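Below you'll find the structure, written out as structure tokens, and then a few comments.
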Amino acid sequence: MVMADSFNFELVSPERLLLSAQVTEVVIPATEGEMTVMANHAPTMTTVKPGVVTVKMADGKSERFAVFGGFADILPAGCTLLAESAVHVDELDSTVLENRIAAVRAELEGAGDEKKTRLEQFIAELTKLGEVVIPA
Amino acid sequence: MPSLKDLKNRIASVKATQKITKAMKMVAAAKLRRAQEAAEAARPYSQRMAAVLDNIAQAVGADDAAPRLMTGTGRDDTHLLIVCTAERGLCGGFNSQIARFARDHVRKLLAQGKTVKIICVGKKGFDILRREFASLIIDRVDLREVRKIGFENADRIGHKVIELFERGEFDVCTLFYSEFKSVISQVPTSQQLIPASAGPVAAERDSASAIYEYEPDAAAILTDLIPRNISVQIFRALLENVAGEMGAKMSAMDNATRNAGEMINKLTLNYNRQRQAQITKELIEIISGAEAL
């Protein structure tokens, strides 16, 4: 099998640049469904929902990051994921996630109808993320 | 003329003060380095954000689909000012510079007959602006308990601003903060947040970068992006402010330490002179006493 082409992937959160590396494949939890980005992808811009980003490095290793919403800017030459907040899966633990869910729940109180649906969806996504990342 | 003992006490007290200012200077230097690192680490995000926003704004163009946060309400009657200052003093003219800058702006707006509302971030700015515009301040954000400013702090302020906008509480929002130029120079700056200016649109952009696929559509992404951009801008301003505060504090404390040093020298000279005078006086007394016998 021919080695897949690699491209530059950057994962940025407001606080810092988490990752900038040559990768062959990135799985992004886009709002309209998961999407796998490989080299020479058509230019696309998409919003990202909370979920796990799986990065396959050029050297064959694979890394996983939990992101909490954001958006991705995909170009043939590279891909940039601007995450609202992101952590490496190894550094994530259930208390952090529970705190986040609790915070959103608090916001849910007294929120408008449209916002409520959005927040409820957000909670569901976070809970699902927890199930995927943290072994029970 | 202070007595010898008074002088001695004075010198001891100035020495103690000098120790404190010296320690504060070193603390500020250490914090400055950390603040600068934080500001630098946050830069890629805001840069990319600006680039992406610019790109989408072009795609959406002057379309009616552009969200109101971007186009504004079409009026500019009510202005919201977010004034970011430090929580603590002892940093030279840092806080008063920002406050003065904001105050001039408020006066100008009031003279034009506009309505002004102020949100104060940081205690010092609130203390200064309260004197003149107490009735205009609608809210204040306290970051005193925050040891390291995170994105959540900025995000919370951003949400508050957007909520106010959606309720139609203001038309134009401007952010006041201090731009960190260097350790010795911080420039008070204002930046318009709402309506978001898309920045100078480069006409001769290569068309290759403009053909994007949007998922969901461009307008939806834009609606999602602009509130986030506001938070990012506030976050950047807060980080710049922290770096500026520490820089100003460092030079202020450096000056204070130097002043204390000068004062100690002067007092010590005085002290020695007086001591000598006293010894001479005592000698004269003894000699003239001996002569009288």
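Order of the sequence lines sets the chain letters (A, B, ...), proteins ahead of strands, with each chain counted from 1. Keep in mind it's a predicted model, so treat the numbers as computed, not measured.
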Are there residues of residues 159-181 of chain B that reach to under 4.5 Å of chain A by heavy atoms, and which ones? none
Interface residues of residues 225-235 of chain B facing chain A - non-hydrogen atoms under 4.5 Å apart: Leu225(B), Arg228(B), Phe235(B)
Partner of Val67(A) under side chain to side chain contact (heavy atoms under 4.5 Å, CB included), picked from Val53(A), Leu82(A), Val87(A), is Val53(A)
Passes salt bridge (Lys or Arg N to Asp or Glu O under 4.0 Å), Arg48(B) versus Glu10(A)? Steps please. CA-CA 11 Å; Arg48(B) 302 259 152 70; Glu10(A) 285 184 341; 2.7 Å; yes
Minimal heavy-atom distance between Phe71(A) and Val48(A), with the atoms involved, is CA-CG2, 3.8 Å
What heavy-atom pair brings Ile98(B) and Cys84(B) nearest, and what distance separates the two atoms? CD1-O, 3.4 Å
Of the backbone (N, CA, C, O) and the side chain (C-beta and beyond), which part of Thr47(A) lies under 4.5 Å from a heavy atom of chain B, both, or neither? both
At a heavy-atom separation under 4.5 Å, does Ala72(A) approach chain B through its side chain, its backbone, both, or neither? neither
Check: Thr44(A) side chain, Ala42(A) main-chain N or O, donor-acceptor pair, under 3.5 Å: yes
Thr85(B) (side chain) donor-acceptor with Gly125(B) (main chain) under 3.5 angstrom: yes
I'd like to know whether [atom1] of [X] has more than 12 heavy-atom contacts from other residues, nucleotides or ligands below 6.0 angstrom.
{"X": "Ile138(B)", "atom1": "CD1", "result": "yes"}
{"X": "Arg16(A)", "atom1": "CZ", "result": "no"}
{"X": "Lys117(B)", "atom1": "NZ", "result": "yes"}

Between Arg33(B) and Glu37(B), does any NZ, NE, NH1 or NH2 come within less than 4.0 Å of an OD or OE carboxylate oxygen? yes
Quick one: are Gln22(A) and Asn8(A) in side-chain contact, heavy atoms under 4.5 Å? yes
As an exercise: rank Gly69(A), Ala83(A), Ala30(A) by heavy-atom pairs under 4.5 Å with chain B and give me the winner. Ala83(A)
